[in-house]
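Here's the structure, in structure tokens; my notes come after.
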Amino acid sequence: MEKKTINELASYVDALRPIIYINNFDFKMVDDLIESVIGKAKCLEYNNALGEIDFHSKHQIRKYNLVEFLEANLENGFDNETYLVLKDVHGELKSPDVIALLKRISENNIYKDSYHEMVFIVSEVTTIPIELENYITIFDVPLPTQDEILKIINVFNFHFINALISMFSTVTDLLKSCERH
């Protein structure tokens with residue numbers, strides 16, 4: 001990942017943008033990007049399959065819906081610097097309860113100096129409720145550069161060739177053992 005992309009996201013985090021919406025299908029790459037910006041800070045993730053999970057370890061904490069997750073974590077920003085990562089919640093962004101809770105988190109972030117809880121929404125579909133437009137910053141992850149693509153291909157080729165060499169070595173050893181019998 002380009003340092004420029006990491007620095008750009010870090011600038012949004014440093015500017016205390018309350019909600020950063022990342023429209024992307026590669027959740028692993030987005031997780032790596034977010035982690036490179038927030039480090040080991042307290043970060044909780046929500047997805048519809050598992051409910052609340054620890055962002056860093058990916059272990060399930062509790063199974064509940066998005067409203068329950070947001071309500072349970074609403075006050076975290078007063079105690080600790082906290083990040084919430086909401087994955088594939090575009091359908092829930094039509095719910096008045098979800099909108100109200102996200103607005104409350106955003107306003108706490110903006111107007112209360114002792115509060116720091118930032119929300120990342122990660123989804124392949126961009127849904128922005130009118131009530132949240134002023135609180136959401138859309139972050140576009142750029143496509144890989146030619147150098148990054150070549151690096152990915154070279155790493156793949158290296159592992160592929162090593163796997164072939166290992167496989168041929170195993171076949172050769174098997175053939176030699178068959179010749180002895």
Side-chain angles (χ1 to χ4, degrees), residues 1-56 58 60-62 64-78 80-112 115-145 148:
M1 174 132 355
E2 271 195 28
K3 194 78 168 157
K4 178 182 171 197
T5 304
I6 294 168
N7 290 341
E8 185 178 348
L9 182 59
S11 72
Y12 290 147
V13 171
D14 291 342
L16 300 177
R17 304 283 176 102
I19 302 173
I20 298 175
Y21 204 120
I22 303 173
N23 179 278
N24 201 289
F25 66 92
D26 188 348
F27 287 179
K28 170 70 173 111
M29 182 271 305
V30 172
D31 282 357
D32 292 345
L33 174 62
I34 292 171
E35 191 155 27
S36 69
V37 171
I38 68 167
K40 295 297 179 188
K42 181 176 181 177
C43 186
L44 300 170
E45 179 178 328
Y46 174 85
N47 69 49
N48 289 317
L50 298 174
E52 180 177 358
I53 64 174
D54 180 272
F55 176 77
H56 301 292
K58 301 300 182 200
Q60 183 179 22
I61 297 171
R62 281 179 215 91
Y64 45 42
N65 66 41
L66 183 55
V67 169
E68 293 167 328
F69 172 79
L70 292 171
E71 286 174 342
N73 293 294
L74 184 63
E75 302 298 317
N76 286 347
F78 288 113
N80 302 302
E81 178 180 356
T82 305
Y83 299 91
L84 303 178
V85 178
L86 312 179
K87 292 190 176 169
D88 271 341
V89 297
H90 52 274
E92 286 89 340
L93 291 176
K94 296 174 183 147
S95 160
D97 291 336
V98 169
I99 291 169
L101 288 162
L102 288 172
K103 192 170 184 177
R104 175 68 184 263
I105 290 170
S106 297
E107 289 176 347
N108 282 349
N109 222 8
I110 293 169
Y111 301 118
K112 297 188 181 195
Y115 189 86
H116 183 87
E117 184 164 77
M118 179 174 284
V119 177
F120 293 95
I121 299 175
V122 183
S123 180
E124 295 177 54
V125 179
T126 303
T127 302
I128 300 176
I130 293 170
E131 301 90 338
L132 297 176
E133 283 179 352
N134 295 325
Y135 304 107
I136 292 178
T137 300
I138 296 177
F139 183 79
D140 290 318
V141 178
L143 295 173
T145 63
E148 289 174 323

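Just so you know, these numbers use all the heavy atoms, side chains as well, and skip hydrogens, waters and symmetry mates.
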Subject >> 4.5 Å side-chain heavy-atom contact, Asn23 and Ile138 >> reply: no

**OP:** Kindly give the heavy-atom pair with the smallest separation between Gln60 and Leu50, and that separation in Å.
**Re:** NE2-O, 2.7 Å

Original post:
For Asp54, which residues count as a side chain to side chain donor-acceptor pair (under 3.5 Å) partner, sequence neighbours excluded?
Top reply: Ser57

Original post:
Phe69: what forms a ring pair (Phe, Tyr, Trp, His ring centres under 6.0 Å) with it, not counting sequence neighbours?
Top reply: Tyr46

Original post:
If you look at every heavy atom in Gly39 and His56, which pair is closest and at what distance?
Top reply: O-CE1, 3.0 Å

Original post:
Considering residues at least two apart in sequence or located in another chain, which fulfil the side chain to side chain donor-acceptor pair (under 3.5 Å) criterion with Glu52?
Top reply: Arg62, Tyr64

Subject >> Partners meeting side-chain contact (heavy atoms from CB on, under 4.5 Å) with Ser36 (sequence neighbours left out) >> reply: Ile6, Leu33

Subject >> ring pair (Phe, Tyr, Trp, His ring centres under 6.0 Å) involving His116 - partner list, sequence neighbours excluded >> reply: Tyr83

Original post:
To the nearest 0.5 Å, what is the distance between CG (Leu132) and OG1 (Thr127)?
Top reply: 11.5 Å

Subject >> Non-neighbouring partners of Lys40 that pass side chain to side chain donor-acceptor pair (under 3.5 Å), sequence neighbours left out >> reply: Glu35

Original post:
Who are the ring pair (Phe, Tyr, Trp, His ring centres under 6.0 Å) partners of Tyr115, not counting sequence neighbours?
Top reply: Phe78

**OP:** Could you tell me which non-hydrogen atom of Ser123 sits nearest to which non-hydrogen atom of Asp88, and how far apart they are?
**Re:** OG-OD1, 3.3 Å

Original post:
Can you name the one residue among Asp26, Asp31, Asp32 that meets salt bridge (charged side-chain N to carboxylate O under 4.0 Å, His left out) with Lys28?
Top reply: Asp32

List, one per line, each side-chain donor-acceptor pair under 3.5 Å for residues 100-108, sequence neighbours excluded.
from: Ser106; atom 1: OG; to: Leu102; atom 2: O; distance (Å): 2.9
from: Glu107; atom 1: OE2; to: Tyr135; atom 2: OH; distance (Å): 2.8

Subject >> Under the salt bridge (charged side-chain N to carboxylate O under 4.0 Å, His left out) test, residues paired with Lys4 that sit two or more places apart >> reply: none

Under 3.5 Å, side-chain donor or acceptor atoms of residues 7-15 against the rest of the protein: list the pairs with distances, not counting sequence neighbours.
from: Asn7; atom 1: ND2; to: Lys3; atom 2: O; distance (Å): 3.4
from: Ser11; atom 1: OG; to: Glu8; atom 2: O; distance (Å): 2.6

**OP:** Please tell me if the side chains of Val89 and Lys87 come closer than 4.5 Å, counting only heavy atoms from C-beta onward.
**Re:** no

**OP:** Determine the minimum heavy-atom distance between Leu66 and Glu92, stating which atoms define it.
**Re:** CD2-CB, 3.6 Å

**OP:** Give, for atom CG of Asn109 and atom CD1 of Ile19, the distance between the pair rounded to the nearest 0.5 Å.
**Re:** 9.0 Å

Subject >> Residue pair Leu44 / Asn76, side-chain heavy-atom distance below 4.5 Å >> reply: yes

Original post:
Could you state the interatomic distance from CG (Leu86) to CG (Leu93), rounded to the nearest 0.5 Å?
Top reply: 8.0 Å

**OP:** Please round to the nearest 0.5 Å and tell me the distance separating atom CD1 of Ile128 and atom NE2 of His90.
**Re:** 13.5 Å

Original post:
Is the closest side-chain heavy-atom distance between Phe139 and Asn24 below 4.5 Å?
Top reply: no

Original post:
Does any pair with a residue in residues 117-136 pass salt bridge (Lys or Arg N to Asp or Glu O under 4.0 Å), and if so which ones, sequence neighbours excluded?
Top reply: none

Original post:
Nearest heavy-atom pair of Phe120 and Ile22: which atoms, and what distance?
Top reply: CD2-CD1, 4.1 Å

Original post:
Within a strict 4.5 Å, meaning less than it, do heavy atoms of the Ile38 and Met118 side chains meet?
Top reply: no

**OP:** For Phe55, enumerate each residue passing the ring pair (Phe, Tyr, Trp, His ring centres under 6.0 Å) test, keeping only those at least two apart in sequence or located in another chain.
**Re:** none

